[in-house]
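Structure record follows, encoded as structure tokens.
Throughout, residue positions are numbered sequentially from 1 according to the sequence presented. Here the structure is a predicted model, which means the values were calculated and not measured.
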Amino acid sequence: MEAKLAQSLQFSTWIDMERMVMKPSGSLQFSPRSKGQKRLQMLISNHVQPTRTTICHKPVPLKVSGSYKNFPGSVLPPGSFPPSFDEAMMLKNKSEEIEPYLSGRCIYLVGMMGSGKTTVGRILSGALGYSFFDSDTLIEEAVGGTSVAEIFKLYGESFFRDSETDILQKLSMMHRIVVSTGGGAVIRPINWKHMQKGISVWLDVPLEALARRIAAVGTESRPLLHQESGDAYAKAFTRLSTLLEERSEAYANADARVSLESIAAKLGYVDVCNLTPTAIAIEALEQIERVLKK
């Protein structure tokens, strides 16, 4: 059996991790309430890993923008969108091409809920040999596995946003990571201050596609959408339109923009639902390259 080098480390985010590549296996925890406030403490158990992982990653489900009424599945099962050989090679070549220019800088994915930040983020981290973090998941783990929807219900949106800011601040002190941020992370200027230490990428998905994706899986896990009765698609589209209007200028602050409509047009597709997550990740790397070479 091939021996594996696995050195378990405990560190706080104040330790310089520039020369290490970390794969998270721990969680965030809240300290006891003090004077009505909760402070976030970050203590992550990590294992030293090789600097590059294989691009033959395990398939990840992707919510797609097929016709809401004619598309029965809520989430495509793993393996439904495997990258073609050409895509896999393009991803590998592009990641190797831009990695020296990244110099270990973090990548932050921003965008509306349901835009595929987590799916694309995992692909990017695998291609670049980076670690991956989902800020919503970190918050959930910090509150004992409580879902985002329950956190909103029990503690309120302000509590969630404060936790989100604390997490982004701590993640900003790390290197060689891809971070999938929450849809509303862009509304606080302080969050942009943290993300400016790396490269921010906006995944811009058409509203119709977002509404179809979310309507197909339900709004129970979306606290900002799960408040009104009526047709799932109409409800999602209306609320998403309002949120995008409020956040569009903030999203535009990102260093790079990945437009799914532009990718579909370039590849000759009519609908963005025909795009694979790998194709989106490749476009993200190309946009990052433009930023780095300016």
Side-chain angles (χ1 to χ4, degrees), residues 23 49-66 71 73-102 106-134 137 176-181 198-206 209-210 212-213 216-217 254-292:
K23 184 176 182 179
Q49 299 288 342
T51 57
R52 176 169 293 277
T53 59
T54 176
I55 62 169
C56 297
H57 48 79
K58 185 178 295 184
V60 181
L62 175 69
K63 302 167 189 175
V64 298
S65 61
F71 189 70
S74 58
V75 178
L76 289 184
S80 294
F81 274 149
S84 66
F85 176 79
D86 288 343
E87 281 186 339
M89 289 304 299
M90 288 176 64
L91 180 67
K92 177 179 183 296
N93 293 337
K94 181 57 65 175
S95 62
E96 290 178 346
E97 183 180 340
I98 75 166
E99 187 181 13
Y101 295 94
L102 278 171
C106 304
I107 296 173
Y108 297 90
L109 300 181
V110 302
M112 293 285 285
M113 62 182 79
S115 59
K117 298 185 294 292
T118 297
T119 301
V120 174
R122 291 188 185 279
I123 294 174
L124 288 173
S125 65
L128 293 167
Y130 275 31
S131 295
F132 175 78
F133 289 93
D134 183 301
T137 299
R176 299 184 64 86
I177 62 173
V178 176
V179 180
S180 169
T181 67
I199 297 174
S200 54
V201 181
W202 173 22
L203 298 188
D204 186 8
V205 183
L210 290 175
R212 292 188 188 113
R213 292 179 183 182
V217 300
D255 298 311
R257 172 175 171 258
V258 175
S259 167
L260 267 66
E261 286 186 326
S262 296
I263 304 173
K266 182 167 61 175
L267 297 178
Y269 296 134
V270 175
D271 199 327
V272 298
C273 70
N274 293 315
L275 297 174
T276 66
T278 302
I280 299 170
I282 292 169
E283 178 69 17
L285 290 175
E286 291 178 349
Q287 294 302 324
I288 290 172
E289 181 180 35
R290 292 183 181 179
V291 173
L292 295 173

Open item on the list: Does this structure show an ion pair linking E286 with K94, if we count only N-O contacts that are shorter than 4.0 Å?
Closed with: no
TODO: Report yes or no: does D134 contribute a side-chain atom to a donor-acceptor pair with the main-chain N or O of T118 at less than 3.5 Å?
DONE: no
- [ ] Only one of I280, L210, L275 passes side-chain contact (heavy atoms from CB on, under 4.5 Å) with V205; say which it is.
- [x] L210
Open item on the list: Working note: L260 + D204, criterion side chain to side chain contact (heavy atoms under 4.5 Å, CB included); need CA distance, chi angles, decisive distance, verdict.
Closed with: CA-CA 6 Å; L260 267 66; D204 186 8; over 6 Å; no
- [ ] Determine whether L124 and L285 make a side-chain contact, defined as any pair of heavy atoms from C-beta on separated by less than 4.5 Å.
- [x] yes
Open item on the list: Using side chain to side chain contact (heavy atoms under 4.5 Å, CB included), reason through T181 and L109 one step at a time and then give a plain yes or no.
Closed with: CA-CA 6 Å; T181 67; L109 300 181; 5.8 Å; no
Task: Candidate list F132, Y108, Y130, test side-chain contact (heavy atoms from CB on, under 4.5 Å), partner V179, passing option - done: Y108
Open item on the list: Any salt bridge linking E96 with K92? Criterion: basic side-chain nitrogen under 4.0 Å from a carboxylate oxygen.
Closed with: yes
Open item on the list: Taking the side chain as everything from C-beta on, heavy atoms only, tell me whether I282 gets closer than 4.5 Å to T278.
Closed with: yes
Open item on the list: How close do G129 and R176 get, counting heavy atoms only, and between which atoms?
Closed with: O-NH2, 3.6 Å
Task: Minimum side-chain heavy-atom gap I107-I177 below 4.5 Å - done: no
Open item on the list: I want to check something: taking the side chain as every heavy atom from C-beta on, are L203 and V110 in contact at a cut-off of under 4.5 Å?
Closed with: no
Would you give me the side-chain donor-acceptor pairs under 3.5 Å for residues 262-269, sequence neighbours excluded?
{"from": "S262", "atom 1": "OG", "to": "S259", "atom 2": "OG", "distance (Å)": "3.2"}
{"from": "K266", "atom 1": "NZ", "to": "E283", "atom 2": "OE1", "distance (Å)": "2.8"}

Task: S125 side chain vs R122 backbone, donor-acceptor pair below 3.5 Å - done: yes
TODO: Look at the side chain of D271 and the backbone N and O of N274, then say whether any donor-acceptor pair between them is shorter than 3.5 Å.
DONE: no
TODO: Considering non-hydrogen atoms only, spot the tightest contact between G198 and D255 and give its length.
DONE: O-OD2, 3.8 Å
- [ ] May I ask you to decide if L128's main-chain N or O and S95's side chain share a donor-acceptor pair within less than 3.5 Å?
- [x] no
